[in-house]
Amino acid sequence: MPILPAACRPETAMLERNPRARPTASPVARAVLDEAGLERARATIRSWPGYAATPLHRLDGLAREAGLGTLLFKDESGRFGLGSFKALGGGFAVARAVAAHGRAITVTCATDGNHGRAVAWGAARAGCGCVIFVHEGVSAGRRRAIEALGAEVRVVPGTYDDAVRHSAEVAAAEGWILVSDTSWEGYETVPRDVMLGYAVVAEEAIDELGAERPSHVFLQGGVGGFAAAVASVLERRFGPERPRIVVVEPERAACLLASCRAGRPVSFDGTLDTVMAGLACGEPSFLAWRILDEVGDAFLAIPDHAAVATMRLLAESVAGDPPLAIGESGVAGLAGALAVAAVPAFRSTLGLGRESRLLVFGTEGATDPDVYRALVGRAPEEVLAR
Ligand SMILES: Cc1ncc(COP(=O)(O)O)c(C=O)c1O
């Protein structure tokens, strides 16, 4: 067994195939993220000062070690200086809210860190008020990053899902605009804008790949908005030729895998205690689930140590690959891909082989440098300076 998969100890990962995934077009994906909406998000975001497509790295050393053909890694760590792809979703949804209601509004949301930072950034750019709700588990570094953008941060007891409910209640009582990254029946317009913003990440990757087509895409899931947005774009651009889509979650917050098993959106029972802070969500987004139920081919749950081992592998740089400083949630898609690659039964379930061309997304950089250093043993700047 090569050193690399052994480091991730993948044997504890859980893989569930989705019997409802459609090999042909997904009507729900196409209706929710329609072409006009995608075009609006694309044009708006590309017009923002500082916009640049993020890099797509080829990790040939890692691909060889894992027995794969190609490993393409879209690195979101430099996105608008905020450290994650979330800037696109929160930023776009706030811009749309301000366009609809004017600048005298206050926007609000719950967050595990990155979405709140994106909404605060959008509010600072638009000049509107902003109050962000964090649960007790959100690290001090992530809270400070939101405050540094001028937002008020309020701490609420419980989990991310409790903070979502609280933010919705306060927004209704105060007349604030709720810019949530998760959706429920009757609250869909704003989360759809958030997903339209995320879709830009997938479009950039496809543009850069040109004629090259990935065979498999591994997408990390919190409430599922990111995975649903990327999967929708892949389905729209490639149709029945689309790559196999695998959604990866922490084993202690696997609400999408649980929903796949149940055949309907269900809550994940548990403390949601995972190092992958951005994915610590117990309830799927209603809109995202409807899309993933049609285009998510499989759902995978991975242990925390797989994410940490993958952060270290990227920091070490395997066999000539560039060293990368990617955060706990940011590595989850790649950690899932490496876990599958290391288990023969999973490889055969997903048709993964030495010719496979994998696309994964490093959805965040070291968004809390203290947490990163504690897990990797080196500061992100040290890793990048190598
Ligand atoms: C870095 C990172 N990656 C992925 C996700 C997952 O996004 P979603 O909750 O839309 O599934 C998040 C969510 O906060 C995140 O912060």
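Please read all numbers here as calculations on a predicted model, not as lab measurements. In this chain, numbering begins with 1 at the start of the sequence shown. Just so you know, ligand 1 is whichever comes first in the structure, and atom 1 is the first atom listed for that ligand.
- In this comparison of T111, T182, L256, N114, the heavy atom closest to atom 15 (C) of ligand 1 sits on N114.
- Below 3.5 Å of separation, one finds an N or O of G222 facing an N or O of ligand 1.
- Annotation for ligand 1: atoms under 4.0 Å from non-hydrogen atoms of E364 are 1 (C).
- Between G224 and ligand 1 there is a heavy-atom distance shorter than 4.0 Å.
- Side chain to side chain, S285 and S183 meet the donor-acceptor criterion of an N or O pair below 3.5 Å.
- Among T111, D162, D112, the one residue that satisfies the side-chain hydrogen bond (donor to acceptor under 3.5 Å, both in side chains) test with H135 is D112.
- Less than 4.0 angstrom separates some heavy atom of G278 from each of these atoms of ligand 1: 12 (C), 13 (C), 14 (O), 16 (O).
- A salt bridge links E316 with R378: the closest approach of a Lys/Arg side-chain nitrogen to an acidic carboxylate oxygen falls below 4.0 angstrom.
- Contact annotation: G221 has at least one heavy atom less than 4.0 Å from an atom of ligand 1.
- Under a 4.0 Å N-O distance rule, the pair R192/D181 does not qualify as a salt bridge.
- Paired with D297 under the rule salt bridge (Lys or Arg N to Asp or Glu O under 4.0 Å), one option of R244, R242, R17 passes, and it is R242.
- Ligand 1 places these atoms under 4.0 Å from at least one heavy atom of G225: 8 (P), 10 (O), 11 (O).
- Taking every non-hydrogen atom of S329 and a distance limit under 4.0 Å, the qualifying atoms of ligand 1 come out as 1 (C), 2 (C).
- L234 CG to E203 CD: the interatomic distance, rounded to the nearest 0.5 Å, is 10.0 Å.
- Results of the side chain to side chain contact (heavy atoms under 4.5 Å, CB included) test with P214 over I206, I245, L209, V360 single out L209 as the only residue that passes.
- Counting heavy atoms under 4.0 Å from ligand 1, residue K86 touches it through the side chain alone.
- Across S167 and F133, no two heavy atoms sit closer than the pair CB-CD1, 3.6 Å.
- Counting protein heavy atoms only, atom 4 (C) of ligand 1 is closest to L279 CD2, 3.5 Å.
- Summary of contacts: the protein heavy atom closest to atom 9 (O) of ligand 1 is V223 N, 3.0 Å.
- Checked by atom type, the side-chain pair R58/T70 shows no donor-acceptor distance below 3.5 Å.
- Using a non-hydrogen distance threshold of 4.0 Å, Q220 registers as a contact of ligand 1.
- Among protein heavy atoms, the minimum distance from atom 3 (N) of ligand 1 is reached at T363 OG1, 2.7 Å.
- In summary, of the residues considered (V194, T182, V223), a side chain to side chain contact (heavy atoms under 4.5 Å, CB included) with H115 occurs for V194 alone.
- The protein atom (non-hydrogen) at minimum distance from atom 7 (O) of ligand 1 is F226 CB, 3.7 Å.
- Ligand 1 is never approached by F361 to a heavy-atom distance shorter than 4.0 Å.
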